[in-house]
Amino acid sequence: SRCITPCFRQLSYLINHLIIRPSRNLRMKHIALVVLFLVFGQSLWASHIVGGVIHYECLGDNTYLVTLKVYRDCLPGNSNFDNSPNVAVYEGSTLIATVNFSLSEATVTELPLVSGDPCLIPPDDICTAEAIYTSEVTLPPTDVGYILAYQRCCRNVTILNIPAEFDNLGSTFYAEMPPQDLAQCNSNPSFNELPPVLICANEPFVFDHSATDLDGDSLVYTFCNPKDGGLPGVEMNPPTPPPYTDVSWNAGYSLDYPIDAAPPFSINSETGLLTGTPNNLGQFVIGICVEEYRNGAFLGSTNRDFQFNIVNCGQSVIANVPNELACAGLSYEFENNSLGTNTYFWDFGVIELDSDTSTALEPIYTYPDTGTYQVFLIANPGEQ
């Protein structure tokens with residue numbers, strides 16, 4: 001019989017095409033001689049606070065339900081959330097009240113490590129947890145306005161865009177409450193969604209950072225400077241009074257360019273849509289503020305800053321077919337150079353047969369006749 005080498009030349013061409021131009025629309029995790037692996041830029045990231053936000057809701061009779069959300073790294077052996085954190089309520093520099101919380105009554109959740117990329121394999125050296133504290137406080141009417149603030153140290157020393165390398169840079173999260181002549185029984189905006197813990201490098205990032213305002217006020221979204229605050233190892237009871245110190249930016253970064261990206265990150269002032277394409281691996285802090293207006297009058301601002309972990313979610317397609325293929329009649333022993341998987345499904349491309357398949361690592365298949373066949377290998381069959 002004639003040599004069936006042309007079949008494998010066709011296969012080699014097909015595979016090389018996949019290597020050079022991998023389609024984002026294909027299930028790359030499943031395609032023949034396709035291997036997915038992720039390289040993460042940093043390992044053993046330290047465990048510290050990574051974000052937070054304050055929301056208050058007016059319940060009537062000068063009573064407010066205050067919600068404090070705090071985010072921290074949660075790798076084994078790391079410190080826990082504060083057992084009894086306080087949110088301080090200041091009128092100017094005067095402490096009016098403290099809102100007391102208890103960790104035993106908080107809701108603590110480990111956040112999923114998702115990025116929107118279905119092929120992402122989450123790294124085992126990143127873990128982020130959320131604690132949601134709630135409590136009520138009664139505040140007298142104010143002619144000046146209030147600032148509600150929570151402080152905690154420290155941020156990760158591995159952050160690239162702010163000077164956190166000395167393990168003493170903390171955080172202040174605040175929300176402003178307007179004076180009574182502008183708005184009585186006001187509730188501040190509440191962000192609708194939590195940003196993802198992981199963002200894929202070199203892939204367009206789109207996130208709806210919008211908020212909901214119970215009073216129907218107009219909202220404006222801006223980048224804002226993250227704030228410093230807190231002392232290492234100390235629960236700030238109460239947090240210090242305003243004004244609060246902006247975190248400075250490392251060289252090459254700024255309020256308008258907080259993350260290495262092309263195109264740069266931007267936020268739509270009307271919709272809160274956050275977009276950009278990060279192009280550098282690592283940890284970055286970004287600050288978002290939502291400003292609240294009623295009848296054209298500014299009521300207050302709420303800040304949220306959060307640590308993004310930029311990881312490499314790209315796929316590497318490896319198909320190693322020898323340049324010289326030995327002729328052995330109609331039979332051929334297939335090589336399998338897949339990585340990151342140990343289950344397989346081969347289809348040897350005989351259109352009129354359903355039995356031309358195998359689950360072996362490197363099967364030997366005997367073709368019914370000479371010809372050209374498109375051969376496929378599915379890695380991790382049955383997985384999405």
Side-chain angles (χ1 to χ4, degrees), residues 46-57 64-74 78-90 98-103 105-111 127-135 137 147-156 159 161-162 164 168-177 188-197 207 209 211 221 223-240 242 244-247 258 274 283-290 300-309:
S47 173
H48 292 85
I49 191 167
V50 299
V53 68
I54 296 173
H55 175 63
Y56 63 85
E57 178 184 347
Y64 297 85
L65 175 66
V66 179
T67 300
L68 170 66
K69 296 182 179 181
V70 182
Y71 305 92
R72 70 169 185 90
D73 287 339
C74 55
N78 295 313
S79 58
N80 206 340
F81 291 105
D82 287 346
N83 289 315
S84 53
N86 282 183
V87 165
V89 182
Y90 283 100
T98 57
V99 187
N100 302 306
F101 303 97
S102 172
L103 182 61
E105 299 176 355
T107 300
V108 179
T109 306
E110 184 175 324
L111 301 180
C127 180
T128 300
E130 174 191 61
I132 302 178
Y133 303 86
T134 58
S135 186
V137 63
I147 291 181
L148 287 70
Y150 169 76
Q151 292 177 321
R152 191 64 169 95
C153 191
C154 300
R155 299 177 187 265
N156 277 305
I159 296 172
N161 59 344
I162 61 175
N168 60 2
L169 186 65
S171 307
T172 297
F173 309 110
Y174 68 87
E176 297 175 344
M177 186 178 294
N188 74 324
S190 176
F191 290 106
N192 296 322
E193 301 292 341
L194 177 67
V197 176
F207 175 71
H209 211 292
Y221 304 92
F223 285 139
C224 58
N225 278 291
K227 302 292 185 180
D228 192 5
L231 299 173
V234 176
E235 293 191 17
M236 300 297 292
N237 295 329
T240 59
Y244 300 111
T245 303
D246 289 343
V247 169
L274 180 65
Q283 292 176 315
F284 299 84
V285 169
I286 188 170
I288 303 291
C289 283
V290 54
S301 178
T302 300
N303 87 316
R304 172 204 253 178
D305 73 54
F306 198 78
Q307 173 187 290
F308 286 137
N309 301 290

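All values reported here derive from a predicted model rather than from experimental measurement.
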### Query
Of all residues at least two apart in sequence or in a different chain, which pass the disulfide (SG to SG under 2.5 Å) check with Cys153?
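Not a single residue meets the disulfide (SG to SG under 2.5 Å) criterion with Cys153.
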Work out which heavy atom in [X] is nearest to a heavy atom in [Y]; give both atom names and the distance.
| X | Y | result |
| --- | --- | --- |
| Gly233 | Arg152 | N-NH1, 4.3 Å |
| Phe81 | Ala129 | CZ-O, 3.4 Å |
| Cys74 | Glu110 | SG-CG, 4.1 Å |
| Tyr244 | Ala149 | OH-CB, 3.2 Å |
| Asp228 | Gly170 | OD1-N, 2.8 Å |

### Task
With the side chain counted from C-beta on, respond yes when Ile159 and Asn161 share a heavy-atom pair under 4.5 Å apart, and no when they do not.
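Yes, side chains in contact.
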#### Entry: Heavy-atom donor-acceptor pair, Glu57 side chain to Leu65 backbone, under 3.5 Å
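No, Glu57 side chain to Leu65 backbone: no donor-acceptor pair under 3.5 Å.
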### Message
With a 3.5 Å distance limit and no angle check, can you tell me whether Tyr221 reaches the backbone of Ala211 through a side-chain donor-acceptor pair?
### Response
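Flag set: sc Tyr221 to bb Ala211 pair under 3.5 Å.
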Just jot down the side chain to side chain contact (heavy atoms under 4.5 Å, CB included) partners of [X], sequence neighbours excluded, or say none.
| X | result |
| --- | --- |
| Ser135 | Val99, Phe101 |
| Glu105 | Ser102 |
| Pro239 | Asn86, Ala88, Gln151 |
| Glu193 | Phe207 |

Partner residues of [X] under the side chain to side chain donor-acceptor pair (under 3.5 Å) criterion, sequence neighbours left out:
| X | answer |
| --- | --- |
| Glu130 | Tyr71 |
| Thr128 | none |
| Asn225 | Trp249 |
| Tyr133 | none |

#### Entry: side chain to side chain contact (heavy atoms under 4.5 Å, CB included) evaluation trace for Asn80 with Leu103
CA-CA 10 Å; Asn80 206 340; Leu103 182 61; 4.2 Å; yes
### Which residues share a salt bridge (Lys or Arg N to Asp or Glu O under 4.0 Å) with Lys227, sequence neighbours left out
Asp246
### Task
List in chain and number order the residues that pass salt bridge (Lys or Arg N to Asp or Glu O under 4.0 Å) with Arg155, two or more places apart in sequence or in another chain; answer none if no residue qualifies.
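Partners of Arg155 by the salt bridge (Lys or Arg N to Asp or Glu O under 4.0 Å) criterion, ordered by chain and then number, come out as Asp305.
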### Message
Please verify the inter-ring angle class for Tyr150 with Phe173; under 30° counts as parallel, over 60° as perpendicular, anything in between as tilted.
### Response
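Rings of Tyr150 and Phe173: parallel, as their planes differ by under 30°.
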#### Entry: Result of checking Thr67, Asn188, Thr134 against His55 for side-chain hydrogen bond (donor to acceptor under 3.5 Å, both in side chains)
Asn188
### Summary
Between the OG atom in Ser171 and the CZ atom in Arg72, the distance rounded to the nearest 0.5 Å is 14.0 Å
### Sequence-distant partners of Tyr174, ring pair (Phe, Tyr, Trp, His ring centres under 6.0 Å), two or more places apart
none
